[in-house]
Amino acid sequence: MTRRRFVAANWKMNHGVEDAIKFFAIMQRQPLLVEDIDIVVCPPFTALYSAGIAVQDTEIKIGAQNCHWEDSGAFTGEISAPLLKELGCQYVIVGHSERRHAFGETDERIQAKVDKVFEHGMIPVLCVGETLAGRESGKTLDIVSAQLEKVASRIEKNQIESLVVAYEPVWAIGTGKNATPAEAQEVHKFIREWLGKKFGTYVANLVRIIYGGSVKPDNMAGIVGEPDIDGALIGGASLDANGFLEMVKLCASVKR
Ligand code: PGA
(Lines give C-alpha, C1' and ligand atoms only; values in the text may rest on other atoms or scores of the structure.)
Protein backbone atom coordinates (compact mmCIF):
# COMPACT_ATOMS: atom_id res chain seq x y z
CA MET A 1 0.00 0.00 0.00
CA THR A 2 1.44 3.37 -0.95
CA ARG A 3 0.29 6.19 1.21
CA ARG A 4 0.62 9.71 -0.13
CA ARG A 5 3.47 11.51 1.61
CA PHE A 6 2.65 14.43 3.91
CA VAL A 7 4.93 17.28 4.99
CA ALA A 8 3.71 20.11 7.20
CA ALA A 9 5.42 23.25 8.40
CA ASN A 10 4.49 24.32 11.93
CA TRP A 11 5.69 27.90 12.24
CA LYS A 12 4.48 28.18 15.85
CA MET A 13 4.61 31.84 17.01
CA ASN A 14 6.92 32.93 14.19
CA HIS A 15 6.56 34.65 10.81
CA GLY A 16 3.92 37.37 10.57
CA VAL A 17 2.30 38.56 7.34
CA GLU A 18 5.45 40.10 5.89
CA ASP A 19 7.62 37.02 6.50
CA ALA A 20 4.85 34.73 5.24
CA ILE A 21 4.65 36.64 1.95
CA LYS A 22 8.44 36.44 1.57
CA PHE A 23 8.37 32.70 2.32
CA PHE A 24 5.74 31.93 -0.32
CA ALA A 25 7.46 34.16 -2.87
CA ILE A 26 10.58 31.96 -2.51
CA MET A 27 8.49 28.78 -2.73
CA GLN A 28 6.83 30.01 -5.92
CA ARG A 29 10.11 30.88 -7.61
CA GLN A 30 11.23 27.26 -7.46
CA PRO A 31 8.93 24.77 -9.15
CA LEU A 32 8.29 21.87 -6.80
CA LEU A 33 8.22 19.16 -9.45
CA VAL A 34 7.07 16.62 -6.90
CA GLU A 35 4.03 14.42 -7.03
CA ASP A 36 2.15 12.33 -4.53
CA ILE A 37 2.85 14.56 -1.59
CA ASP A 38 0.65 16.85 0.48
CA ILE A 39 2.43 20.05 1.45
CA VAL A 40 0.85 22.02 4.25
CA VAL A 41 2.02 25.24 5.87
CA CYS A 42 0.61 26.24 9.28
CA PRO A 43 1.36 29.91 10.00
CA PRO A 44 0.16 31.83 13.06
CA PHE A 45 -3.52 32.86 12.85
CA THR A 46 -2.64 36.42 11.86
CA ALA A 47 -0.83 35.31 8.69
CA LEU A 48 -3.44 32.76 7.55
CA TYR A 49 -5.38 35.13 5.31
CA SER A 50 -2.35 36.35 3.40
CA ALA A 51 -0.94 32.81 3.28
CA GLY A 52 -4.22 31.59 1.80
CA ILE A 53 -3.98 34.17 -0.96
CA ALA A 54 -0.30 33.40 -1.58
CA VAL A 55 -0.92 29.67 -2.07
CA GLN A 56 -3.84 30.06 -4.48
CA ASP A 57 -2.96 28.29 -7.73
CA THR A 58 -0.15 26.33 -6.04
CA GLU A 59 0.07 22.80 -4.66
CA ILE A 60 0.54 24.11 -1.14
CA LYS A 61 -2.32 23.95 1.37
CA ILE A 62 -2.69 25.93 4.54
CA GLY A 63 -3.46 24.73 8.02
CA ALA A 64 -3.91 26.19 11.49
CA GLN A 65 -2.00 25.32 14.63
CA ASN A 66 -5.00 25.03 16.95
CA CYS A 67 -8.72 25.78 17.22
CA HIS A 68 -11.45 26.01 19.82
CA TRP A 69 -13.86 23.15 20.54
CA GLU A 70 -16.99 25.28 20.03
CA ASP A 71 -18.19 26.96 16.83
CA SER A 72 -18.72 30.43 18.28
CA GLY A 73 -19.51 32.25 21.51
CA ALA A 74 -18.04 34.17 24.39
CA PHE A 75 -14.50 32.79 24.22
CA THR A 76 -12.28 35.85 24.26
CA GLY A 77 -9.10 35.40 22.29
CA GLU A 78 -10.04 32.07 20.73
CA ILE A 79 -10.46 30.98 17.09
CA SER A 80 -13.01 28.36 16.03
CA ALA A 81 -12.99 25.74 13.28
CA PRO A 82 -15.55 27.59 11.07
CA LEU A 83 -13.44 30.75 11.26
CA LEU A 84 -10.45 28.74 10.02
CA LYS A 85 -12.47 27.07 7.30
CA GLU A 86 -13.53 30.50 6.02
CA LEU A 87 -9.85 31.41 5.65
CA GLY A 88 -9.23 28.40 3.43
CA CYS A 89 -7.60 26.11 5.99
CA GLN A 90 -7.72 22.45 5.09
CA TYR A 91 -5.87 21.10 8.13
CA VAL A 92 -5.67 21.91 11.83
CA ILE A 93 -2.93 20.70 14.18
CA VAL A 94 -4.64 19.42 17.32
CA GLY A 95 -3.10 18.40 20.63
CA HIS A 96 0.42 19.64 19.96
CA SER A 97 2.56 18.94 23.01
CA GLU A 98 3.16 22.67 23.53
CA ARG A 99 -0.61 23.07 23.84
CA ARG A 100 -0.88 20.04 26.11
CA HIS A 101 1.97 21.10 28.38
CA ALA A 102 2.06 24.91 28.28
CA PHE A 103 -1.71 25.47 28.01
CA GLY A 104 -3.00 22.49 29.95
CA GLU A 105 -4.98 20.95 27.09
CA THR A 106 -6.59 17.69 28.11
CA ASP A 107 -7.38 14.68 25.94
CA GLU A 108 -11.09 15.49 26.38
CA ARG A 109 -10.63 18.96 24.88
CA ILE A 110 -8.41 17.58 22.14
CA GLN A 111 -11.06 15.04 21.26
CA ALA A 112 -13.72 17.79 21.09
CA LYS A 113 -11.45 19.82 18.79
CA VAL A 114 -10.85 16.83 16.51
CA ASP A 115 -14.63 16.45 16.20
CA LYS A 116 -15.05 20.12 15.28
CA VAL A 117 -12.30 20.02 12.68
CA PHE A 118 -13.93 17.05 10.96
CA GLU A 119 -17.40 18.58 11.30
CA HIS A 120 -16.24 21.61 9.33
CA GLY A 121 -14.69 19.59 6.55
CA MET A 122 -11.06 19.94 7.54
CA ILE A 123 -8.52 17.29 8.57
CA PRO A 124 -6.97 17.14 12.03
CA VAL A 125 -3.26 16.51 12.44
CA LEU A 126 -3.46 14.79 15.82
CA CYS A 127 -0.23 14.96 17.83
CA VAL A 128 0.78 12.29 20.32
CA GLY A 129 4.07 11.61 22.06
CA GLU A 130 5.85 10.95 25.32
CA THR A 131 7.96 13.19 27.52
CA LEU A 132 11.60 12.43 28.31
CA ALA A 133 10.58 11.03 31.71
CA GLY A 134 8.02 8.84 29.95
CA ARG A 135 10.61 7.46 27.57
CA GLU A 136 13.22 6.92 30.26
CA SER A 137 10.77 4.99 32.38
CA GLY A 138 10.01 2.72 29.42
CA LYS A 139 6.40 3.93 29.15
CA THR A 140 6.46 5.36 25.61
CA LEU A 141 3.99 2.90 24.10
CA ASP A 142 1.64 3.07 27.11
CA ILE A 143 1.54 6.86 26.92
CA VAL A 144 0.92 6.91 23.19
CA SER A 145 -1.79 4.27 23.39
CA ALA A 146 -3.53 6.15 26.23
CA GLN A 147 -3.53 9.32 24.10
CA LEU A 148 -4.91 7.40 21.13
CA GLU A 149 -7.52 5.65 23.25
CA LYS A 150 -8.87 8.93 24.59
CA VAL A 151 -8.99 10.69 21.22
CA ALA A 152 -8.58 8.50 18.14
CA SER A 153 -10.80 5.68 19.38
CA ARG A 154 -13.77 8.08 19.33
CA ILE A 155 -13.33 9.13 15.73
CA GLU A 156 -16.02 7.91 13.34
CA LYS A 157 -14.92 4.97 11.25
CA ASN A 158 -15.61 6.85 8.00
CA GLN A 159 -13.41 9.75 9.13
CA ILE A 160 -10.45 7.86 10.49
CA GLU A 161 -8.81 7.13 7.14
CA SER A 162 -8.29 10.84 6.42
CA LEU A 163 -6.81 11.56 9.86
CA VAL A 164 -3.12 12.46 10.05
CA VAL A 165 -1.36 11.33 13.24
CA ALA A 166 1.86 13.09 14.19
CA TYR A 167 4.16 11.18 16.52
CA GLU A 168 6.15 13.87 18.27
CA PRO A 169 8.31 12.76 21.18
CA VAL A 170 8.29 15.80 23.46
CA TRP A 171 12.02 15.41 24.24
CA ALA A 172 12.82 15.81 20.54
CA ILE A 173 10.83 18.99 19.89
CA GLY A 174 12.94 22.09 19.44
CA THR A 175 15.87 20.40 21.20
CA GLY A 176 17.94 19.37 18.19
CA LYS A 177 17.72 15.77 19.48
CA ASN A 178 15.66 13.78 17.06
CA ALA A 179 14.51 10.21 17.57
CA THR A 180 16.56 7.83 15.45
CA PRO A 181 14.69 6.44 12.45
CA ALA A 182 14.49 3.07 14.22
CA GLU A 183 13.11 4.60 17.45
CA ALA A 184 10.50 6.55 15.50
CA GLN A 185 9.58 3.54 13.33
CA GLU A 186 8.95 1.42 16.43
CA VAL A 187 6.32 3.89 17.66
CA HIS A 188 4.82 4.48 14.20
CA LYS A 189 4.40 0.75 13.71
CA PHE A 190 2.80 0.51 17.13
CA ILE A 191 0.36 3.35 16.25
CA ARG A 192 -0.59 1.64 12.98
CA GLU A 193 -1.15 -1.66 14.76
CA TRP A 194 -3.23 0.10 17.39
CA LEU A 195 -5.37 1.67 14.65
CA GLY A 196 -5.60 -1.72 12.98
CA LYS A 197 -7.02 -3.31 16.13
CA LYS A 198 -9.61 -0.54 16.51
CA PHE A 199 -10.61 0.13 12.91
CA GLY A 200 -9.27 -2.78 10.88
CA THR A 201 -6.02 -3.22 9.00
CA TYR A 202 -7.33 -1.82 5.74
CA VAL A 203 -8.18 1.54 7.30
CA ALA A 204 -5.02 1.60 9.46
CA ASN A 205 -2.96 1.23 6.31
CA LEU A 206 -4.54 4.38 4.85
CA VAL A 207 -3.81 6.67 7.82
CA ARG A 208 -0.78 8.89 7.38
CA ILE A 209 1.49 8.81 10.43
CA ILE A 210 4.14 11.52 10.36
CA TYR A 211 7.10 12.19 12.63
CA GLY A 212 7.91 15.50 14.31
CA GLY A 213 10.83 16.57 16.49
CA SER A 214 13.97 18.32 15.20
CA VAL A 215 13.47 17.25 11.58
CA LYS A 216 16.05 19.00 9.37
CA PRO A 217 17.32 18.61 5.82
CA ASP A 218 20.10 16.31 7.02
CA ASN A 219 17.92 13.81 8.89
CA MET A 220 14.75 13.87 6.78
CA ALA A 221 15.78 11.13 4.34
CA GLY A 222 16.64 8.62 7.10
CA ILE A 223 13.39 9.23 8.93
CA VAL A 224 11.03 8.95 5.97
CA GLY A 225 12.86 5.89 4.66
CA GLU A 226 11.10 3.84 7.36
CA PRO A 227 8.05 1.84 6.26
CA ASP A 228 5.52 3.39 8.67
CA ILE A 229 6.75 6.99 8.53
CA ASP A 230 4.76 8.86 5.93
CA GLY A 231 6.20 12.32 6.31
CA ALA A 232 7.08 14.98 8.85
CA LEU A 233 5.77 17.85 10.94
CA ILE A 234 8.57 20.38 10.95
CA GLY A 235 8.91 23.26 13.39
CA GLY A 236 12.09 25.35 13.54
CA ALA A 237 13.59 24.10 10.28
CA SER A 238 10.42 24.98 8.34
CA LEU A 239 10.85 28.72 8.83
CA ASP A 240 13.42 28.89 6.05
CA ALA A 241 11.67 28.50 2.69
CA ASN A 242 14.69 27.00 0.92
CA GLY A 243 15.26 24.46 3.69
CA PHE A 244 11.58 23.57 3.73
CA LEU A 245 11.58 23.06 -0.04
CA GLU A 246 14.61 20.82 0.24
CA MET A 247 12.86 18.70 2.88
CA VAL A 248 9.68 18.44 0.78
CA LYS A 249 11.72 17.20 -2.16
CA LEU A 250 13.65 14.75 0.01
CA CYS A 251 10.45 13.36 1.50
CA ALA A 252 8.90 12.95 -1.95
CA SER A 253 11.92 11.21 -3.41
CA VAL A 254 12.96 8.75 -0.67
CA LYS A 255 11.88 5.22 -1.46
CA ARG A 256 10.81 2.74 1.21
P1 PGA B 1 10.80 21.17 15.82
O2 PGA B 1 9.22 21.21 16.18
O3 PGA B 1 10.92 20.69 14.40
O4 PGA B 1 11.25 22.60 15.99
O5 PGA B 1 11.43 20.25 16.79
C6 PGA B 1 8.34 20.24 15.71
C7 PGA B 1 6.96 20.51 16.24
O8 PGA B 1 6.83 20.97 17.37
O9 PGA B 1 5.95 20.29 15.54
Side-chain angles (χ1 to χ4, degrees), residues 5-15 19-20 23 37-45 47-48 51 60-67 84 89-105 110 113-114 117 123-132 134-135 140 143-144 147-148 151 163-181 183-185 187-188 191 208-224 226 229-251:
R5 296 288 203 172
F6 187 99
V7 173
N10 174 12
W11 287 355
K12 309 191 180 185
M13 202 166 66
N14 300 291
H15 279 358
D19 287 333
F23 179 97
I37 185 162
D38 286 321
I39 306 161
V40 181
V41 177
C42 304
F45 291 133
L48 276 172
I60 305 163
K61 295 162 186 144
I62 58 163
Q65 300 172 19
N66 181 33
C67 71
L84 297 172
C89 285
Q90 296 187 39
Y91 295 87
V92 183
I93 300 172
V94 182
H96 189 279
S97 66
E98 285 152 16
R99 303 246 20 123
R100 290 178 189 261
H101 299 289
F103 300 95
E105 272 189 23
I110 292 164
K113 291 178 183 201
V114 165
V117 173
I123 295 176
V125 178
L126 170 66
C127 301
V128 296
E130 80 288 3
T131 58
L132 182 60
R135 176 155 283 259
T140 298
I143 293 166
V144 169
Q147 291 168 335
L148 290 170
V151 183
L163 177 75
V164 177
V165 179
Y167 168 57
E168 297 211 308
V170 180
W171 49 272
I173 297 178
T175 57
K177 273 195 252 166
N178 63 294
T180 64
E183 280 170 335
Q185 165 60 22
V187 183
H188 282 236
I191 294 172
R208 268 92 56 86
I209 308 175
I210 61 173
Y211 169 81
S214 299
V215 175
K216 306 183 266 302
D218 62 4
N219 60 22
M220 172 64 108
I223 289 167
V224 296
E226 295 292 334
I229 305 185
D230 303 312
L233 179 55
I234 312 164
S238 73
L239 294 171
D240 170 54
N242 291 305
F244 182 61
L245 265 171
E246 192 184 336
M247 289 185 281
V248 168
K249 288 178 185 168
L250 276 168
C251 184

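Whatever order the structure lists them in is the order used to number ligands and atoms, beginning at 1. None of these values were measured; they are calculated from a predicted model.
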Please determine, by modelled atom types, if Y167 and E130 share a side-chain donor-acceptor pair under 3.5 angstrom. yes
For [X], enumerate each residue passing the side-chain contact (heavy atoms from CB on, under 4.5 Å) test, keeping only those at least two apart in sequence or located in another chain.
{"X": "N14", "value": "K12, L239"}
{"X": "L148", "value": "V128, V144, A152, I191, W194"}
{"X": "A179", "value": "P169, W171, E183, A184, Y211"}

With heavy-atom distances below 4.5 Å as the criterion, would you say the side chains of H96 and C127 are in contact? yes
Ring-plane angle category for F244 and F23, please: parallel below 30°, perpendicular beyond 60°, tilted otherwise. tilted
Does ligand 1 have any N/O atom under 3.5 Å from a protein N/O, and what are those pairs and their distances?
from: ligand 1; atom 1: 2 (O); to: K12; atom 2: NZ; distance (Å): 3.2
from: ligand 1; atom 1: 3 (O); to: S214; atom 2: N; distance (Å): 3.4
from: ligand 1; atom 1: 3 (O); to: G235; atom 2: N; distance (Å): 2.9
from: ligand 1; atom 1: 4 (O); to: G236; atom 2: N; distance (Å): 2.8
from: ligand 1; atom 1: 5 (O); to: G174; atom 2: N; distance (Å): 2.6
from: ligand 1; atom 1: 5 (O); to: S214; atom 2: N; distance (Å): 2.8
from: ligand 1; atom 1: 8 (O); to: K12; atom 2: NZ; distance (Å): 2.7
from: ligand 1; atom 1: 8 (O); to: H96; atom 2: NE2; distance (Å): 2.6
from: ligand 1; atom 1: 9 (O); to: N10; atom 2: ND2; distance (Å): 3.4
from: ligand 1; atom 1: 9 (O); to: H96; atom 2: NE2; distance (Å): 3.2
from: ligand 1; atom 1: 9 (O); to: E168; atom 2: OE1; distance (Å): 3.3
from: ligand 1; atom 1: 9 (O); to: E168; atom 2: OE2; distance (Å): 2.7

